[in-house]
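Below is one structure, written out as C-alpha cells; the observations come after it.
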Amino acid sequence: MTLSLYNTLTRRIEPFEPLAPPRVTLYTCGPTVWNFAHIGNFRTFLFEDLLRRYLEYSGYDVYHIMNLTDVDDRTIKAAAAAGKRLGEHTAPFVQAFFEDRDYLRIKPAHAYPRATESVPAMIRLVEQLLDRGVAYKGEDGSIYFAIAKFPTYGRLSRLDTRELKIGARVTSDEYAKDDPRDFALWKKVDGVDEQVGAAWEAPFGRGRPGWHLECSAMSLEQIGRCCHAETLDIHAGGVDLIFPHHEDEIAQSEAATGRPFARFWLHGEFLNVRGTKMSKRFGNFLTARDLREQGVDAAAVRLLFWQTHYRKALDFTDEALAAAGAGVKRLGEFQERLRGAGGAGRGVGELAKLATKFETDFRAALDDDLNAPRACGALFEFVHEANGALDRKAGGAAAVRAALDGAMGVLDILPTAKAADPALERWIAERIAARDKARKSKDFKEADWVRAELRAKGVEIEDTPGGTKWRLV
RNA sequence: GGCGCCGUAGCCAAGUGGUAAGGCAGAGGUCUGCAAAACCUCUAUUCGUCGGUUCGAUUCCGACCGGCGCCUCCA
C-alpha cells in the first residue's frame, strides 16, 4: 500500500510518487499578513501540516515552502488605513502568525519566503513572460498576462474560458486589458502604494507585484535554490484558491518554464460556522489566539479537524470542540497509563499484536488520501483494545508506546502538559496527604470535602492502587 | 447561468454493490468508601425523498427536496 492523494488537476485519487524520491517538494500558500489569521485559515494550514507529517512518516524527505504574502491589495489598504508603512503594519502579523502556528503545533516550513523580499525574482519572471510574448503592457501601464496565449488555461478549475462571467468584474482597469479575463502580473504604482512604501523599480515600470505572480516567483525561486527543480511535487491550499489564484499560477509558471508547474494539486475545504464559511468578511471568525485565551488545548483543535476529512466542509461548534477535547483527554490518560505499565506483564504477544494491527490500519487510512477520520477511528479502537489487554495484565507495553509515539508524530494530539508551580504542587501534596489521612480514619465527609477543594483549583484526582494521582485540568 | 460539493444515530463523523468504523453524550453493570479512570453490555432493521439498474444499494443511475462553495487578488 502506498500513499494516494486526490489531485484537483485530474479530479482523481492517484498514487503519489515524487519526481526525485525521497525528496518531496511541497509548496503551500501561506497567510496574507494584513491581519490575524482565523482558524478557518488555520484549518488549511493544519491540513497541510498533516500532509507534511505523513509524508515524513512515510519516509519522504520533504522540503516545505510556505510563502508570506506581505504585499497585496489588502496589506496595502490596511497599512494605509493604519497610517503606517507596509512593513511596519505587517511585521506584527507575521509574528502573530508564527506564534499561532506554534500554538497549534504546526511544524515550521523549511522556508518562509516573503513577497517583499522576493521582488527581484518576480521582476525576472515578468521579463521572461514579456519576452515570450504572453504578457503585455496595458494602457494603464500595468503588465497583464494574456490568457489567450495559454491554451490550457482553465484546466485546473475546469472553468471553460468561454464561460467565464465577465460582466461582474468590470472596473476601470478592465479597459486597459486586451481581454477582460487577463490578470495583472505587475501593477503600476499609485499614490497609496507610494504612501505605504509598496513600490519597486522595474524595467517595465515602477509598480508592485500581483498576488498570483508572487506565488509563482517565490515557489520557482525556492525549489530552484533547494532542489534545482522547476516542477513542484505538491502544491496545496484552500479550495477558494483553485480559481483564479492557482489557475493563474499555473499559467504564469508554465508559460515561463515550459514545464509542468506542480504535479499534485491538493485543496482543503472550508471551516464553516452554521453552514457558512468562516470569513473576515462575514465577521463569523475566531482566531487562534482567541482559542488560546479561552484555554483551549491545541490538541483538541487538531483532533477536531482530523475527525473530518480535509476535503469535506467542517462546521465549527463549541460542542464539537468540547467533544474533541474529551477525546484528547482519553488519549492523555492512555499515555499516562502506558508510562506506568513498564515492561512487566504476562507474555509479550497481545499488546504487540494490537500495536502491529493498529499501525497497519493507521497507515492504510492515511495512505487513502489522508483519511484522518479513519486513522483516528483506528487509534481509538487501539486505545480501547489495549486498555482491555492492560486490564488483563498483558505484556508488550513497549510496542504500544512505540506505535502511539509514531502516530502522534503525525497527528500530535496528546494533551498539552500543564505544569504546576512549586507552591501549588506543595499545596496539592499537602491536601492529598490530608485526604488520605481522613480516608484512613473513614472520615469520608472530610475526604470528599478536600477533593472538592482540589477540584475548585482545577486539580482532578484519581485513587489508584499505587496511591492518589492528580492532574491539572 | 457555468463549474463543483454535501445531506449517515441526540451531536460530530468514516464507510462499502452483500447488509452501518470511531469520538462525544446517554442507560445499566464490574471495580471504588464514594468518585475518577478502565472494562463489559446497550443505544441507526437504517444511511434526505421518490423512482430505476441489480439476486441484492446507504453505496451505481435519474429526478426532486434541502444546505453550501467557486465563478469578486478569500485558506
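Each chain gets a letter, A, B and so on, in the order the sequences are listed, and its residues count up from 1.
Comparing the P positions of B:G29 and B:C34 gives an interatomic distance of 13 Å, to the nearest angstrom. Rounded to the nearest Å, the gap between the C1' atom of B:C12 and that of B:U53 is 34 Å. Separation of the P atoms belonging to B:G7 and B:U59 is 11 Å when rounded to the nearest angstrom. Rounded to whole Å, the separation between the C1' atoms of B:A36 and B:U30 comes to 15 Å. Distance noted for atom C1' between B:G69 and B:A75: 13 Å (whole Å). Comparing the P positions of B:G2 and B:U43 gives a spacing of 47 Å, expressed to the nearest Å. The same atom, C1', is picked in B:C60 and in B:C55; the two are 16 Å apart, to the nearest Å. Separation of the P atoms belonging to B:U54 and B:C68 is 37 Å when rounded to the nearest angstrom.
Rounded to an integer number of Å, the gap from CZ of A:R43 to C1' of B:C68 is 13 Å. Protein atom CD of A:E381 is 15 Å distant from nucleotide atom P of B:G15, rounded to whole Å. Rounded to an integer number of Å, the gap from OH of A:Y153 to P of B:C71 is 12 Å. One atom, NE2 of A:H38, and another, P of B:C74, lie 11 Å apart when rounded to the nearest Å. The NE2-P distance, from A:H246 to B:C70, rounds to 15 Å in whole Å. One interatomic measurement links the two molecules: NE2 of A:H245 to P of B:U72, which rounds to 15 Å at whole-angstrom precision. Here the P atom of nucleotide B:A75 and the NE2 atom of A:H235 are 13 Å apart, to the nearest Å. Distance A:N284 CG to B:C68 P: 13 Å, rounded to the nearest Å.
Between A:E446 and A:K437, no side-chain nitrogen of the basic residue sits less than 4.0 Å from a carboxylate oxygen of the acidic one, so the salt-bridge criterion is not met. A salt bridge is defined here as a Lys NZ or Arg NE, NH1 or NH2 lying under 4.0 Å from an Asp or Glu carboxylate O, and A:D463 with A:R435 meets this definition.
Under a cut-off of 6.0 angstrom, the local environment of CZ in A:R11 is crowded, with over 12 non-hydrogen atoms contributed by other residues, nucleotides or ligands. Residue A:R206 places its CZ atom among more than 12 non-hydrogen atoms of other residues, nucleotides or ligands, all under 6.0 Å distant.
Heavy atoms of A:T28 sit nowhere under 4.0 angstrom from any nucleic acid atom. Nucleic acid contact class of A:F270 (heavy atoms, under 4.0 Å, all strands): base. Heavy atoms of A:G40 sit under 4.0 angstrom from at least one base atom. Base contact: A:L271 has a heavy atom under 4.0 Å from a base atom.
Pairing partner, B:G26: B:C42, with both Watson-Crick or wobble hydrogen-bond distances short of 3.5 Å. B:C31: no Watson-Crick or G-U partner with both key distances under 3.5 Å is found in any strand. Partner assigned to B:A9 is none, using Watson-Crick or G-U wobble distances below 3.5 angstrom. Pairing partner, B:U16: none, since no Watson-Crick or wobble contact has both distances short of 3.5 Å. Shown here, B:U58 forms no base pair; nothing in the strands shown gives a Watson-Crick or G-U wobble contact with both key distances under 3.5 Å. Base-pair partner of B:C64: B:G48 (Watson-Crick or G-U wobble, both distances under 3.5 Å). Across all strands shown, B:G1 pairs with B:C71; the Watson-Crick or G-U wobble distances both stay below 3.5 Å.
When each of A:I242 and A:M278 is assigned the nucleotide of RNA chain B bearing its nearest heavy atom, the one mapping closer to the 5' terminus is A:I242.
In this model, no side-chain donor or acceptor of A:K277 finds a partner on the base of B:C68 within 3.5 Å.
Under the salt bridge (charged side-chain N to carboxylate O under 4.0 Å, His left out) rule, A:R208 has a single partner from A:D72, A:D190, A:D193, which is A:D193.
Looking at A:D369, its side chain does come within 3.5 Å of a backbone N or O of A:Y6 through a donor-acceptor pair. Under the 3.5 Å distance criterion, the side-chain polar atoms of A:K77 are left unmatched by any main-chain donor or acceptor of A:V192. Remark: side-chain polar atoms of A:R431 are not paired, donor with acceptor, to backbone N or O of A:V450 under 3.5 angstrom.
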Protein-proximity profile, nucleotides 32-39 of chain B, B/S/- by nucleotide at the 4.0 Å heavy-atom cutoff, equals -BBBBSSS

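Using a 30° and 60° split on the angle between ring planes, A:H246 and A:H267 fall in the tilted class, from 30° to 60°.
With rounding to the nearest 0.5 Å, the separation of CD1 in A:I123 from CD1 in A:I143 is 11.0 Å. Within the model, atoms CH2 of A:W211 and CG of A:D248 stand 9.5 Å from one another, a figure rounded to the nearest 0.5 Å.
A:R74 and A:T69 form no side-chain donor-acceptor contact under 3.5 Å, judged by distance and modelled atom types alone. Residues A:H64 and A:T28 have side chains that bring a donor and an acceptor to within less than 3.5 angstrom of each other.
Checked against a 6.0 Å centroid threshold, the rings of A:F305 and A:F316 do not count as neighbours.
A heavy-atom distance below 4.0 Å to RNA chain B is reached by these residues of residues 65-75 of chain A, ordered by number: A:D72, A:D73, A:R74.
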Report, one pair per line, the protein and nucleotides 3-14 of chain B atoms (nitrogen or oxygen only) whose separation is under 3.5 Å.
| from | atom 1 | to | atom 2 | distance (Å) |
| --- | --- | --- | --- | --- |
| B:A13 | O3' | A:Q307 | O | 3.3 |
| B:A13 | O2' | A:Q307 | O | 3.3 |
| B:A14 | OP1 | A:H309 | N | 2.9 |
| B:A14 | OP2 | A:K312 | NZ | 2.7 |
| B:A14 | O3' | A:N371 | ND2 | 3.1 |

